[in-house]
Structures are given as structure tokens and as C-alpha cells.
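Remarks on the structure that follows.
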Amino acid sequence: MKKASIGLVGLGVMGQSLALNMARNGYTVAGLDLDEKKVTAFLEGKAAGQNIFSVTSPKTLMAVLEKPRRILLMVPAGPAVDSAINGLIDFMEPGDILIDGGNSYFLDTERRSTKLEALGLNFVGMGVSGGEEGALWGPSMMPGGQPAAWEALKPILEAMSAKADDGEPCVVHIGPRGSGHYVKMVHNGIEYADMQMIAEIYDLLHRGLGLSNEELSEVFSTWNEGPLKSYLIEITADIFKKNDELTGKPLIDLILDEAKQKGTGKWTSQNAFDIGAPIPTINAAVESRILSGLKEERVRASEFISGPKISVNTDKAVFIQAAHDALYASKITAYAQGMGMLKIASEEYDYHLNLREIAKIWRAGCIIRAELLNDVMDAYQKNPDLVNLLMDDSFILAIEERQEAWRSIVTAGINLGIPMLAIGSSLAYFDAYRTKRLPANLTQAQRDYFGAHTYRRIDREGIFHTEWADPKVPK
Ligand code: 6PG
């Protein structure tokens, strides 16, 4: 019987691309999918002549795999992962490795790890970023699970992964259990922030400054040559150039302004609240998508509620440069929040995350790949215990140089009535983070006033409560 180095369950778009990637790198793949038509189309189409064949049952899959067996699940996150696991485990043997390459919720991965580990099976929750193209030509991968499972997967994952400019593979063992999916979740939170901040700058340059799509494309292309160089800036420049095939008009102007979401950004915010990680920019990005969904309400409101007159009087080139600087400073701040969240989570969940390695594997293949990640990596190289990216010397300087422009752009948004939830939140986070005394003293006083919640003092130790109101005078 023909043997395979790895099994792949779920031959959807991502599964097919990953199978082709593995085969191109010299691994024989056995695929399993319930949809026979899809399998045949794949085998006779894209996979023709490749080292890919299909099996029709979990039992046959186990029979054709080299041991320890490696099986990658590429099925939709949620109950489908549990059914796929349940369909396979009866045929698996101790030491075999099951990998979930979907965008699973990290606590589901924790639960599945515990269940499989009790049976002597290895379970790897692996974040995969880069979309269809990335999966085919080199994704960034974030596997979490047993070290032995990582060792058995390392050669194949390294071969498949994207390579950074220095040739380093964009995959590393993230840590135990759900850590890989956790890191992928935060990657997506940063992705939401990046995308929203770019959208806000687009709004400001388009509606505020009046740049055409052509001009916007040029601006973003130029920005992609400098410190903002990144995949998201690159595709943004492309998007503004695309004309609609049906009407010949710029496609961007015809797309409905309601942003959808599958949920990973929302999970990032939800979990940040649970573990006490301040990530206002990511939260603002999630909120912005939700707000965009109120299309009908917004259309009605626009007829009744007026704002300021939109006109920019600043020199065009100066304004564009300020927008660039504001975006860059906000981006640093958003990454500081995401990395800060990882630092807190690492302790909370005992993940022992290596932030330098995480920045390193995000430099290519994934959606947030960016020049900036080299600097993030360097910052953690200099100081592995860095408490916050904003405390790194190079980033302090980078923001210092752009602070004035950053403030001018947030002010411009306010004056023009153009919402900048994410960029504004980045600046507010930055200002809060560098503030020695925040007004939380008043919050504490109020809590103590109405609820006797107590407070601490700056001039002596202990917990205090004050009878704030005169008890004889009811309020
Ligand atoms: C990636 C992407 C990928 C997917 C997002 C889209 O890293 O390759 O993040 O995982 O495109 O899940 O998420 P939304 O539908 O929530 O925007």
C-alpha cells in the first residue's frame, strides 16, 4: 500500500493549498474529505501529478500513514473540529500527532489537548496565517503543543513555511496546549487594528483632503517603500487601482461600507478583558466593525445630525506626511498593546511565550507581516523582559519624532468630524501609559462614596474608607 508522510483532513481552500505546499516540498500527502466531488476535482485538477492521493475513511488514513502518524485537520473552527477528532481517535495510537490548523478558540484547544493527552495522543493547536496564497507558497505558522510533537513536525513545517528576508522560517514552537491558537488570536487582533487604522487614514485623506483613488494608490505605494512597508499597505495600494469589471468604476467606491468579522478580533477583546490586558486600539477596531454594521441607522442619522464642514487648509504634502507619521506611531502603539497582551497571557496561562520568536515568525507569510516586526524582534532581542514596546529606546525615539504630527492628525479628524476610533485610541493609550498620575483617584473616591469600596492612599499604607456625605443630610 502507498504510504504518506502526512494526512490532511478537510480539503477546502486552505487544506488544498497546504496539501500542495507539502507535496511541493517533497512530502506525500493522504487527503480525506467527505465531499467526493471536491476531492476528485482537486486530484484531477491542481493536484494532478503531485504526491497527493486520497483515502475515503479514517481507518484507511491511519493505515497509509508513516508512524508516528501526523494528521493535519483543516476543518472550520467549532463543532466540526470535535467531530473530526472523534472520527479519528479510535484509530490512532499513542504517540500519533493530531494538528488543528484552523482558527480555533484557544480554550477549545486547551480542552481538546487535555482529552487527547489522556489517551496518550499528541495534540497541536496551530495558528496558520497568510490566507490561500500564504498556505500555498509559505504561511506563518504558530504551533502549540507537546515538545515531542513539535520535533516530529519541525522538518515539514519549516519546509512549508514562509521565509523571512534573512532566510529564517516563519514557524516556531510557541508553547504548550492552546498557546499557538492564542498567539494566532492576538495576531488577528493586531490585524484588525492595522486594518482599521489604515481605513481611518484612507477616510481622512479621501473625504478630508479630497485625494482621488489614483492619488491614494500612489501615496500607499510610496509608504510601502519606507518604515510602513507591510503586506496590508501593499494590498491597500493595489485596491485603489482596481476598476470594477461590471461598470468600469473604481471598485472601492462600489463596496458596501459594512465590515464583517468571523470572530477572532472579538475573542481578542473578550479575552483581554478577562486577563486585564489594555488593548484599546484593538477594541476600537472591533467596535468600528460593529458600528459599520449599523448602516441603515447611520444613513438615517446622516440626514438629521450635522457635523463640521469638511475642508483641510494645510499644505497637501505636509498633511500626507503627518498622516504617514500618525499611522506609524499608532501602529507601534497597537503592536505594543498586542505584545503586552501576550506577555500577560503568558503568565496567566503558563505559556512561557518568547516574544522575540513570535515577532520573528510574523515577519513573513502572515497578514500582519511588516518591516516594523524586525524592530519589534530587535527590541525583545535587546531585552527579553521588556515590559512594553513603548519603553524600548528605538521606539521611544521613533514616536518622539512623530508625536506632533500624530497629534495634529487626531486633531484634524476631530475638527473635520471624521471618526478615528483606532488611531485616537492609540494616542490615548500612549498618553495614558506615559502619565504618572491618572484621574483614577477620582474613580476610587466615587466608588468609595457610593459603595464603600475603599481606596488606598499615596501617603500611607493600608485600606481606607471615608464617610463622604453628611449622614444627617439625605442626598
Ligand atoms: C490570517 C487571517 C485569516 C482570516 C481572518 C479573517 O491570518 O490569515 O487572519 O485567519 O482571513 O480570520 O478574519 P475576519 O473575518 O474576522 O476579518
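Order of appearance sets the numbers: ligands from 1, and atoms from 1 within every ligand. Below, each value reflects all heavy atoms present in this structure, side chains not excepted, and no hydrogens, waters or symmetry copies.
- Both tests do not hold together for Arg402 against Tyr328: distance to the six-membered ring centre under 6.0 Å, angle to the ring axis within 45°.
- By heavy-atom distance, the residue among Gly365, Ser129, Pro139, Ala259 lying nearest atom 7 (O) of ligand 1 is Ser129.
- Not one N or O of Lys260 is nearer than 3.5 Å to an N or O of ligand 1, by distance alone.
- Where the criterion is an N or O separation shorter than 3.5 Å, residue side chain and backbone included, Ile367 fails it with respect to ligand 1.
- Less than 4.0 angstrom separates some heavy atom of Gly263 from each of these atoms of ligand 1: 16 (O).
- Taking a cut-off of under 4.0 Å to the non-hydrogen atoms of Asn188, the atoms of ligand 1 that pass are 5 (C), 7 (O), 9 (O), 10 (O), 12 (O).
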(request) Let me see the working for Phe319 and Leu205 under side-chain contact (heavy atoms from CB on, under 4.5 Å), right down to the final yes or no. (result) CA-CA 9 Å; Phe319 194 86; Leu205 295 182; 4.0 Å; yes
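- Counting heavy atoms from C-beta outward, Ile282 and Ile190 have side chains that approach closer than 4.5 Å.
- Using a 4.0 Å heavy-atom cutoff, His187 is listed among the residues neighbouring ligand 1.
- The presence of a protein heavy atom under 4.0 Å from atom 11 (O) of ligand 1 is ruled out.
- Distance from atom 17 (O) of ligand 1 to its nearest protein heavy atom, with residue and atom name: Arg289 NH1, 2.8 Å.
- Leu136 is listed as a side-chain neighbour of Arg24, based on a closest heavy-atom distance under 4.5 Å.
- Formation of a donor-acceptor pair under 3.5 Å by the Lys163 side chain with backbone atoms of Glu158 is found in this model.
- One finds no salt bridge joining Asp166 and Lys360 here, because no Lys/Arg side-chain nitrogen approaches an Asp/Glu carboxylate oxygen to under 4.0 Å.
- At a 4.0 Å cut-off, at least one heavy atom of Gly130 sits close enough to ligand 1 to count as contact.
- When the shell of 6.0 Å around CD of Glu348 is examined, it contains more than 12 heavy atoms from other residues, nucleotides or ligands.
- Using 4.0 Å as the threshold, Lys184 has a heavy atom nearer than that to some atom of ligand 1.
- Close N/O approach between Gln261 and ligand 1 is not found [any backbone or side-chain N/O within under 3.5 Å].
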(request) Would you check, one step at a time, whether the test side-chain hydrogen bond (donor to acceptor under 3.5 Å, both in side chains) holds for Lys115 with Asn86? (result) CA-CA 11 Å; Lys115 176 178 160 181; Asn86 291 338; 2.8 Å; yes
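- The atoms of ligand 1 that sit less than 4.0 Å from any heavy atom of Gly131 are 8 (O).
- Using a 4.5 Å cut-off on side-chain heavy atoms (C-beta onward), Val39 and Asp35 make no contact.
- Atom 16 (O) of ligand 1 has its closest protein heavy atom at Tyr192 OH, 2.4 Å.
- Looking from atom 9 (O) of ligand 1 to the surrounding protein, the closest heavy atom is Glu191 OE1, 2.6 Å.
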